[in-house]
Amino acid sequence: VLHYMSKWDKNRFVEHMTENCSREVAKVGNAIIDFSEKHADEISWGRGHDHGTLTFRCNSDFGVLPLFHMTSEGALNIQVNFLRSKGVPKQVLLDVVRKLESNFLRDYDEVMYDVDTFEPINELFFTSSQVDKFLNTMEGCCYRLRQ
């Protein structure tokens, strides 16, 4: 059996996350997984050798777009620049960027945030309301992309 080809799934992802992350990070990760199962049009778990990657995708006029990736090692990659590159309506993007900026107190403009990078969940989220606001932002983005 080619072990490295084996695909991750939710159970393996959660198990790996629980073993490798603090309880707080795993709690955020589980909230993001639950949200993804309810709201994503498509979820994939990745084929990485070292860790799993959840990718949250949403249907749109531009195809099925990834909005974020999360690893089972507790990092999150929000696909702001990818969405920019796809020509997503400016108003949708502006709304997402504004909400992310006020939630995480950091810049997501094209100068300060010019590459989508994986950031540790424990450096992004300090309160459960930040998690809720992030998920609400992603839900709103999906809603608008699907219209």
Side-chain angles (χ1 to χ4, degrees), residues 1-88 92-93 95-97 99-108 110 112-147:
V1 177
L2 295 173
H3 181 69
Y4 66 91
M5 286 299 285
S6 71
K7 204 164 162 21
W8 288 75
D9 60 26
K10 180 186 174 179
N11 291 341
R12 193 171 159 207
F13 187 99
V14 169
E15 193 179 303
H16 191 257
M17 185 173 64
T18 305
E19 286 168 11
N20 287 278
C21 301
S22 69
R23 192 179 309 146
E24 290 76 24
V25 168
K27 198 174 151 189
V28 173
N30 281 311
I32 291 174
I33 290 169
D34 292 344
F35 169 84
S36 299
E37 290 184 318
K38 283 190 193 89
H39 297 283
D41 291 307
E42 202 177 284
I43 298 176
S44 58
W45 297 97
R47 296 179 181 277
H49 187 65
D50 302 322
H51 61 263
T53 305
L54 175 158
T55 299
F56 177 109
R57 291 188 182 85
C58 169
N59 291 333
S60 76
D61 292 342
F62 308 90
V64 186
L65 299 178
L67 297 193
F68 61 84
H69 307 287
M70 177 176 69
T71 72
S72 58
E73 292 175 334
L76 189 66
N77 181 326
I78 307 169
Q79 294 287 287
V80 176
N81 288 294
F82 179 81
L83 293 176
R84 276 188 189 116
S85 76
K86 287 295 172 195
V88 165
V92 176
L93 211 51
D95 186 54
V96 168
V97 166
K99 287 176 177 166
L100 291 175
E101 287 181 341
S102 72
N103 193 28
F104 296 128
L105 304 178
R106 51 175 73 200
D107 289 313
Y108 284 94
E110 289 170 77
M112 296 303 292
Y113 188 81
D114 58 343
V115 176
D116 297 322
T117 52
F118 277 97
E119 301 188 59
I121 283 173
N122 63 349
E123 291 175 19
L124 275 174
F125 299 99
F126 298 101
T127 65
S128 60
S129 84
Q130 281 182 307
V131 178
D132 295 340
K133 283 178 185 161
F134 167 70
L135 297 177
N136 288 338
T137 299
M138 294 297 106
E139 187 179 353
C141 182
C142 277
Y143 176 76
R144 295 178 74 171
L145 286 172
R146 288 183 193 124
Q147 286 183 323

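Note that this is a predicted model, so its numbers are computed, not measured.
Residue F134 holds its CZ atom at 8.5 Å from CD1 of I121, rounded to the nearest 0.5 Å. One distance of note links CZ of R106 with OH of Y113; it measures 8.5 Å at 0.5 Å rounding. If you take CD on Q147 and OG on S60, they are separated by 12.0 Å, rounding to the nearest 0.5 Å. The distance from atom CE of M70 to atom CZ of F56, rounded to the nearest 0.5 Å, is 11.5 Å. Atom-to-atom distance recorded for I78:CD1 and T117:OG1 is 9.0 Å, nearest 0.5 angstrom.
Two residues are said to be in side-chain contact when any heavy atoms from C-beta on lie closer than 4.5 Å; L67 and R57 fail this criterion. Two residues are said to be in side-chain contact when any heavy atoms from C-beta on lie closer than 4.5 Å; V14 and N30 meet this criterion.
Centroid-to-centroid, the aromatic rings of W8 and H16 come within less than 6.0 Å.
Classification of K99 and D95 as a salt-bridged pair holds, one side-chain N sitting under 4.0 Å from a carboxylate O. Comment: R146 engages D41 in a salt bridge, judged by a side-chain N to carboxylate O separation of less than 4.0 angstrom.
Looking only at distances, no side-chain donor or acceptor of E139 sits under 3.5 Å from a matching main-chain atom of L135. At least one donor-acceptor pair closer than 3.5 Å links the side chain of Q130 to the backbone N or O of T127. Side-chain atoms of T71 come within 3.5 Å of backbone N or O of A75 as a donor-acceptor pair.
Side-chain contact, N77 with Q79: a donor N or O sits under 3.5 Å from an acceptor N or O. A donor atom on one side chain and an acceptor atom on the other are found under 3.5 Å apart for H69 and T55.
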